[in-house]
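The shown structure was predicted, so the numbers you read here are calculated from the model rather than taken from an experiment.
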Amino acid sequence: VRALLESDYDSPHTLASLARLTEMSPFHFARVFTELAGAPPHRYLTRLRIEEARRLLAEGTLPLDRVAARCGFASAGSLSTTFLRHTGIRPSLYRNL
C-alpha cells in the first residue's frame, strides 16, 4: 500500500479502498499501517503530497492550481491551507525562497 501511495499520491484514496487492497477491515488496516509506516494513512498520504508540492514549487514553473491538481489536492486553496499547516509558510512564499 505504501508503494501504491508513493506512486499514485494524486489519486483520491480512502481508508476503505486501501483496506480492501489488504483484505483487512478499515480499523485494523489503519492500526497496522500506522504501526508500520509511523503515521496514519491519511497523514502519510498528505506528507507525500506536500513533498511533491514543495518540489514543484521549487521549480517555479507551474501555477498554483496546476501544482494542486498534480499533487492530488481539490483546489489551490486546499493546497494552500494544507501546505501552510504542514510547513508554516504559504506556497507562494515558499516558491520565492
Rounded distance [0.5 Å steps], NE2 in H86 versus CZ in R49: 11.0 Å

N/O donor-acceptor pair under 3.5 Å between T34 side chain and A30 backbone: yes

Connected hydrophobic set around I50, excluding itself, where side chains approach under 4.5 Å: L56, L57, L62, L64, V67, F73, L79, F83, I89, L93, Y94, L97

Residues S78 and S75: side-chain donor-acceptor under 3.5 angstrom: no

E23, CD: over 12 other non-hydrogen atoms inside 6.0 angstrom: no

Non-hydrogen atoms of P41 and F29 that approach each other most closely: CG-CE2, 3.8 Å

Beyond-backbone contact of D10 with R70, side-chain heavy atoms, under 4.5 angstrom: no

Taking every non-hydrogen atom, the tightest pair across A16 and P26: CA-CG, 4.3 Å

Separation of Y44 OH from L18 CG (nearest 0.5 Å): 11.5 Å

Electrostatic pair R55:E52 at N-O distance under 4.0 angstrom: yes

Shortest non-hydrogen contact from R47 toward A39: NH2-CB, 3.9 Å

Reported NE2-to-NE2 distance for the pair H42 and H13, which is rounded to 0.5 angstrom: 11.5 Å

Minimum-distance pair of heavy atoms, taken over all atoms of L36 and R2: O-NH1, 3.4 Å

From S80 atom OG to R85 atom CZ, the distance as rounded to the nearest 0.5 Å: 11.0 Å

S7 side chain to L4 backbone, donor-acceptor under 3.5 Å: yes

Minimal non-hydrogen separation, A19 against T22, with atom names: O-OG1, 2.8 Å

Residue R66 excluded, over 12 heavy atoms near CZ under 6.0 Å: no

Gap separating the CD atom of E51 from the OG1 atom of T46, nearest 0.5 angstrom: 11.0 Å

E59 side, atom CD; R54 side, atom CZ - distance, nearest 0.5 Å: 15.0 Å

Linked, directly or transitively: V1 and F27 (ILVMFWY side chains, under 4.5 Å): no

